[in-house]
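Here's the structure we're looking at; comments come further down.
In this chain, numbering begins with 1 at the start of the sequence shown. Ligands are counted one by one from 1 in listed order, and the atoms in each one are counted from 1 as well.
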Amino acid sequence: MTHEWWKRGVIYQIYPRSFQDDDGDGVGDLGGILERLDYCASLGVEALWLSPVYPSPMADFGYDVSDYTNIHPMFGTLAQFDLLVEEVKRRGMKLILDYVPNHTSDEHPWFQDSRSARTSAQRDWYLWHDPAADGGPPNNWVSNFGGSAWQWDELTGQYYYHAFLEKQPDLNWRHPQVRAAMHDVLRFWLDRGVDGFRVDVLWHLIKDDQWRDNPPNLGYKPGDPPHYSQVPLYTTDRPEVQGIVSELRSVLDEFTGRVLIGEIYLPVERLVAYYGANLDGAHLPFNFQLLQSQWNARSIAALIDQYEHALPPGGWPNWVLGNHDNPRVAARVGLPQARVAAMLLLTLRGTPTLYYGDEIGMVNVPIPPDRIRDPLEMNVPGVGLGRDPYRTPMQWDGSPHAGFSVVEPWLPISDDCAIVNVQAEDADRESILSLYRRLLHLRRTHPALSVGNYEPVATTGDLLAYVRRARGDQFLVALNLGEGPYALSLASLGMAGRTVLSTYLDREDSVPAAEISLRANEGVIVALVSTGRRRA
Ligand code: GLC
């Protein structure tokens with residue numbers, strides 16, 4: 001059976017501002033990505049996903065788009081983008097763009113027109129509302145970035161809704177012209193050869209048309225993100241959004257072999273609705289559970305199980321270990337477990353998404369107060385919400401500015417960059433980068449590890465184990481999430497096995513054994529052979 005590329009391969013997320021600066025302004029750009037394409041290809045990833053590269057005032061670092069069909073001059077030109085598409089394809093990879101449909105920048109011409117007069121042609125392209133009786137905001141909805149989600153606009157005497165910054169007004173997706181215009185945006189890039197989109201905050205697109213107040217979240221604790229103070233009953237995951245998603249999918253289906261990925265932070269039972277009632281929704285609603293789970297074997301075994309069971313028939317799973325909105329995995333679970341996490345990500349059933357820099361073990365970089373850039377940290381300071389620490393420049397080598405730029409970059413480079421960098425780790429056979437390379441290679445050579453069946457193995461304590469099988473090829477993945485040794489008997493499974501890869505990168509067996517001994521924080525991939533004898 002052949003599988004689509006987005007089922008088989010690994011997606012690598014590039015945060016363009018921080019990947020490689022080619023023009024010497026301290027911010028990464030398309031020229032930089034072009035320079036580093038050989039590196040991406042050498043990893044063996046299938047597709048590159050670029051966070052937004054469109055014209056933008058950069059209030060939310062590109063997630064505030066002022067022109068959907070162009071490239072920000074800071075990143076390059078459309079001609080350079082076309083070259084990028086060509087060069088990515090020449091190396092056998094695919095290119096995925098970020099699509100930001102929920103809101104535009106307030107500097108987008110659509111909003112400029114909308115706010116100019118109540119009678120303007122595009123007035124209803126956004127969500128305008130009269131004040132409440134007391135002159136205050138129409139209802140209690142709060143912004144994800146702090147404060148009321150309603151912004152008073154003096155000129156026309158109404159409020160507009162913004163789920164994020166006031167510089168990011170929400171579009172009105174009930175308006176047919178908005179839908180048509182935004183569909184044309186997809187076609188513009190699909191025509192240029194883009195292989196798919198990661199859709200920003202997909203579950204936000206429709207809000208309650210009766211503007212009802214959200215109920216309070218009684219579990220809210222100070223220090224939680226501001227919008228956790230409410231249950232977002234009327235602002236997100238509204239039933240009507242499913243129709244919008246299937247329309248987006250129809251646009252992609254006008255072309256062949258494209259992928260629709262949704263950014264959706266919802267509990268699993270709601271997340272899976274975004275595959276669509278007839279698998280006519282997103283191909284891959286992003287599964288963020290590994291970002292949020294406690295890092296222990298029992299919690300992870302339970303969440304895999306829950307996810308596998310919740311998937312609709314034919315719905316393809318996916319796993320995310322890091323992105324530009326969440327702390328680095330190496331910081332969350334520690335470096336020894338970051339290696340185990342790499343093995344987990346690349347051997348679970350489903351499409352993995354790998355965040356740039358995680359493959360070299362980049363950590364959260366402390367940001368001095370005068371270098372803070374993230375608007376979330378500026379609006380809600382001091383409680384650790386700022387995302388700058390996980391958006392710092394890629395560490396390529398031990399030269400000044402880590403080979404990222406010739407000048408001081410827009411965000412500081414990590415102090416560990418003399419050791420944690422691509423060049424040094426490529427020279428070290430036991431580095432996490434070497435581990436990622438080996439894992440990616442093994443995954444590409446053995447379909448069992450990418451598209452094969454998944455069978456959990458019952459374990460206790462700190463061990464997480466499962467078998468992946470395809471066409472007679474079978475592997476046991478055993479991951480020790482604890483600090484003590486662990487012995488796993490294969491004889492009881494009627495199996496013997498040969499370790500083909502350890503997260504320590506220091507062993508490879510030549511003959512199958514009946515027992516696997518795992519050291520602290522060790523994960524192994526074991527090629528299985530059946531002995532035909534199953535011991536009780
Ligand atoms: C998404 C993006 C995040 C951005 C937000 C608003 O969650 O990943 O970076 O701030 O949407 O567009």
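For ligand 1, the atoms lying closer than 4.0 Å to a non-hydrogen atom of R198 are 2 (C), 8 (O). Listed by number with element, the atoms of ligand 1 under 4.0 Å from a non-hydrogen atom of H324 are 2 (C), 3 (C), 8 (O), 9 (O). The contact set between ligand 1 and V201, taken as ligand atoms under 4.0 Å from a residue heavy atom, comprises 1 (C), 7 (O), 11 (O). Short contacts between ligand 1 and F145, defined as distances under 4.0 Å to a heavy atom of the residue, involve ligand atoms 10 (O). The distance from ligand 1 to the heavy atoms of H103 drops below 4.0 Å at these ligand atoms: 6 (C), 12 (O). Atoms of ligand 1 lying under 4.0 Å from at least one heavy atom of R387, given by number and element, are 3 (C), 4 (C), 9 (O), 10 (O).
For atom 4 (C) of ligand 1, the nearest non-hydrogen atom of the protein is D60 OD2, 3.3 Å. The single protein non-hydrogen atom nearest to atom 11 (O) of ligand 1 is D200 OD1, 2.9 Å, given as residue, atom name and distance. Nearest protein neighbour of atom 9 (O) of ligand 1, counting heavy atoms only, is D325 OD1, 2.8 Å. Protein heavy atom in closest approach to atom 7 (O) of ligand 1: E263 OE2, 2.8 Å.
The closest approach between Y265 and ligand 1 stays at or above 4.0 Å for every heavy atom of the residue. At least one heavy atom of R391 lies less than 4.0 angstrom from ligand 1.
The backbone N or O of P55 sits less than 3.5 Å from a side-chain atom of S66, completing a donor-acceptor pair. When atom types are taken as modelled, the side chain of H324 and the backbone of I14 share no donor-acceptor pair closer than 3.5 angstrom. Without hydrogens or angle criteria, N214 side chain to W141 main chain gives no donor-acceptor distance under 3.5 Å.
Using a 4.5 Å heavy-atom cutoff, the side chains of S18 and W410 are in contact.
The closest side-chain donor-acceptor pair between D208 and Q210, if any, does not fall under 3.5 angstrom.
Proximity of the aromatic rings of Y356 and Y12 is defined here by a centroid distance below 6.0 angstrom, and this criterion is not met. Less than 6.0 angstrom separates the ring centroid of Y161 from the ring centroid of W150.
Just one of K94, R443, R8 meets the salt bridge (Lys or Arg N to Asp or Glu O under 4.0 Å) condition when paired with E46; it is R8.
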